[in-house]
There are 2 protein chains.
Amino acid sequence: MIAKAATENTSGVTDPRLDALVTEIIGRVADKWTMLVLEELEAESPLRFTRLLERVDGVSQKMLTQTLRHMERDGLLTRKVYAVVPPKVEYALTPLGRGLGEAFCGVWRWAERHFEEIGAARRAFDDGRDR
Amino acid sequence: MIAKAATENTSGVTDPRLDALVTEIIGRVADKWTMLVLEELEAESPLRFTRLLERVDGVSQKMLTQTLRHMERDGLLTRKVYAVVPPKVEYALTPLGRGLGEAFCGVWRWAERHFEEIGAARRAFDDGRDR
DNA sequence: TTCTATACTTACCAAAAAGAGAGTGAAGAT
DNA sequence: ATCTTCACTCTCTTTTTGGTAAGTATAGAA
């Protein structure tokens, strides 16, 4: 097994707690809005709340706030509040966040390289279903 | 921007349709059960339905069936039905599925390398919230 | 004849996630 | 005096998700 290999200790047994933790982190981090916010902040950083709202296509205020809070909590980005009126808040990636962006790059590129293949597979599957 | 770079054409503009498609594929593929099934099939392939049910911790029959169907439709795995009684069905990764597993490997390793950092960030964040 | 094994499908229900929309607060412009 | 801006927060409703449990089909064992 490729993915799991790195969690194995010398006896070849994976630690279920580490496994669960990593799975939890991946589950958290591999979500739609997190990925899209990550992408926008990789392109330009820092960005203000409203800028992100405009750029992350389809995100609601609520989901953006929630996503940003989670990412802040996980140390993926920093939130800088300026004590001005109207309020101004800037979000910027941390090195940790940038690292995640790079790791995701592999999946992104896989999807780019294979989306035609996936499309074909889907058409073939749906075709077979009908008949 | 790192991740998005590969979708840019010569004018430096990303195609929104390709973007949306890739985002959709990633959203589909980056789900908890898909990742865990991928992992089990990377470790051993082919596997029967009941084997997977036992190995993928916490998955229900319904979710496993659903996940396997989605993955089959996307061309990530093959489903081989034997005309015997009681039924026998074997699932195996396709090269496409194996490629995805490898791509995810980067994220998996990122999570492994940084889970302590994330834990520390969370504790710091939660600490600040209380006071 | 009844039981078991296998790989599902279907129906129902509860819980969780997400969307919509209104409300907030205070400085500065009109 | 009213309006606008920004970054939310809060409530209400709808949608989606996922779990549970029952049903199905059939060959061979007991």
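Keep in mind that the numbers below use all heavy atoms, side chains included, and drop hydrogens, waters and symmetry copies.
- Here A/T50 reaches the OP1 or OP2 of D/dA7: one of its side-chain N or O atoms lies under 4.0 Å away.
- Side-chain contact between B/I25 and B/R28 is absent, with no heavy-atom pair separated by less than 4.5 Å.
- Counting only distance, with no hydrogens or angles, the side chain of B/S45 and the backbone of B/L93 share a donor-acceptor pair below 3.5 Å.
- Taking atom NZ on B/K80 and atom P on C/dC8, their separation rounds to 15 Å, with Å as the unit.
- Between B/W110 and A/L96, some side-chain heavy-atom pair lies under the 4.5 Å cut-off.
- Across every non-hydrogen atom of B/R48 and B/P87, the tightest pair is NH2-O, 3.2 Å.
- In this structure, B/L47 atom CG and C/dT6 atom P are separated by 14 Å, rounded to whole Å.
- For the pair B/R69 CZ and D/dT17 P, the interatomic distance rounds to 18 Å; values are reported in whole Å.
- The CG atom of B/L64 sits 17 Å away from the P atom of D/dT17 (whole-angstrom rounding).
- For the helix from C/dT1-D/dA30 to C/dT30-D/dA1, the angle separating the two terminal helix axes comes to 30°, with each axis derived from five pairs and the value rounded to 10°.
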query: Just by protein heavy atoms under 4.0 Å, how would nucleotides 18-30 of chain C read 5' to 3' in B, S and -?
result: BBB----BBB---

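- Side-chain contact between B/I118 and A/L76 is absent, with no heavy-atom pair separated by less than 4.5 Å.
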Salt bridge (Lys or Arg N to Asp or Glu O under 4.0 Å) assessment of A/R122 paired with B/E24: CA-CA 13 Å; A/R122 286 182 184 176; B/E24 188 258 333; 3.2 Å; yes

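- Put simply, A/R79 has no side-chain N or O that comes within less than 4.0 Å of OP1 or OP2 on D/dA7.
- Distances shown here put every side-chain N or O of B/R48 at or beyond 4.0 Å from the OP1 or OP2 atom of C/dT6.
- Within the nucleic acid shown, A/Y82 has no heavy atom closer than 4.0 Å to any nucleic acid atom.
- Atom NZ of B/K32 is surrounded by 12 or fewer heavy atoms from other residues, nucleotides or ligands within 6.0 Å.
- By the 4.0 Å N-to-carboxylate-O rule, A/E54 lies close enough to A/R51 to be salt-bridged with it.
- Between B/Y91 and B/F49, the angle of the ring planes lies from 30° to 60°, which puts this pair in the tilted group.
- For the pair B/L68 CG and C/dT6 P, the computed distance is 16 Å after rounding to whole Å.
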